[in-house]
Each structure stands twice: as structure tokens, then as C-alpha cells.
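Worksheet for the structure shown next.
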Amino acid sequence: MKRQAYQPILITDAPRSQDDQLNSRQKRYVLMMAIRVACLVAGAILVGAKAPLLWLWLPLCALGMVLVPWLAVLLANDRPPKEEHRLANRFQNRRREEPAPTALTAEENPHKIIDAEP
């Protein structure tokens, strides 16, 4: 049997810590909520100043105030993507290690139904 070469685990392949992931998600959430507040303030200023093309800008601000919080919650709860090859490697290794199944003969089959004569 051929031995596999030693493959060291590199620290750069290690996933980010849970604290780092949480910190980056919290920063992203706060940034997106700041964008929502900016949309709210911009909408209030546009209405108060009776800006031209208000019919265009006000729906855009309202859309930002509705969609941005929804996206912020989705992204804040998002986990980092899983490695694509992780499951594939497990199945491939298992296939290599397990021998091919063999068929049992009638004498070896413990579940063979035997017709009993009365």
C-alpha cells in the first residue's frame, strides 16, 4: 500500500474565529442602519425643502428605509460560506477506504426466506 505524503495544515487555511466573524457582522449591521437613517433624514429634508422631482426622490428614500433594514438583518445573521470541497473529500476518502460490497451466496445470506413444508 502506498503511503500518502505528509501534508501540513497551514494556519492561513484556518477559518476566522467566532469573535472576528461576529465583530464584522456587527460593523456591517451598524453601517447599514446608518444608511437607513441617512435615507430617513434625506427624505425629511426633501419634503421640507419641497425639492424638485420629489415624486422620484421620496420613493427612493422610502425604498432605502424598507429594504436596507431587511438586508441588514439577513447579512447580520449570515454565516461564512462552508468549504465546497469539505463534504466532497469526506465522501471520496470513504469510498477509497471501504472495500467494494460483495454479494452473499444463498448459504451465507442470513435473511433468506426458507419455505417450510407442512
Side-chain angles (χ1 to χ4, degrees):
M1 180 189 276
K2 198 181 222 183
R3 286 192 173 187
Q4 292 181 351
Y6 174 71
Q7 295 177 353
I9 298 173
L10 301 175
I11 191 65
T12 56
D13 291 340
R16 290 176 47 196
S17 70
Q18 294 289 336
D19 291 335
D20 288 343
Q21 292 175 16
L22 179 64
N23 191 19
S24 68
R25 290 194 318 244
Q26 287 174 341
K27 287 178 184 177
R28 189 182 323 139
Y29 182 81
V30 168
L31 177 68
M32 293 182 85
M33 286 297 121
I35 293 171
R36 178 188 187 198
V37 169
C39 287
L40 178 66
V41 170
I45 290 173
L46 289 172
V47 168
K50 296 183 182 173
L53 299 175
L54 187 62
W55 59 271
L56 175 67
W57 295 111
L58 202 55
L60 288 176
C61 289
L63 191 65
M65 287 186 292
V66 171
L67 287 181
V68 170
W70 177 69
L71 288 173
V73 169
L74 285 179
L75 292 174
N77 291 324
D78 188 25
R79 295 177 54 176
K82 293 182 180 180
E83 296 176 19
E84 293 176 13
H85 63 278
R86 185 174 68 179
L87 288 176
N89 284 343
R90 284 190 184 168
F91 291 129
Q92 288 174 357
N93 290 340
R94 192 174 294 162
R95 285 185 198 139
R96 289 181 195 150
E97 294 170 3
E98 293 176 2
T102 57
L104 297 175
T105 62
E107 293 82 28
E108 296 173 336
N109 192 350
H111 301 290
K112 181 183 174 189
I113 300 173
I114 301 173
D115 292 330
E117 292 184 29

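As the structure is a computational prediction, the values presented were derived from the model and not from experiment.
For Met33 against Ala72, the heavy-atom pair with the smallest separation is CE-CB, 3.6 Å. In this structure, Tyr29 and Ala76 approach most closely via the heavy-atom pair CD1-CB, 3.9 Å. In this structure, Met65 and Arg36 approach most closely via the heavy-atom pair O-NE, 3.3 Å. When every heavy atom of Gly64 is checked against every heavy atom of Cys39, the shortest pair comes out as CA-SG, 4.0 Å. The heavy-atom pair separating Pro59 from Leu54 by the smallest distance is CD-O, 3.9 Å.
Two residues are said to be in side-chain contact when any heavy atoms from C-beta on lie closer than 4.5 Å; Leu46 and Cys61 meet this criterion. Considering only heavy atoms from C-beta on, Leu22 stays 4.5 Å or farther from Gln18 through its side chain.
Leu63 and Val66 end up in different hydrophobic clusters when Ile, Leu, Val, Met, Phe, Trp and Tyr side chains are linked at under 4.5 Å. One hydrophobic cluster holds both Ile45 and Val37 under the rule that ILVMFWY side chains link at heavy-atom gaps under 4.5 Å.
For the atom pair Leu53 CG and Leu60 CG, the distance stands at 10.5 Å (nearest 0.5 Å).
Judged by distance alone, the side chain of Arg28 and the main-chain N or O of Leu75 form a donor-acceptor pair under 3.5 Å. Proximity of a side-chain donor or acceptor of Asp78 to a complementary backbone N or O of Leu74 within less than 3.5 Å is not detected.
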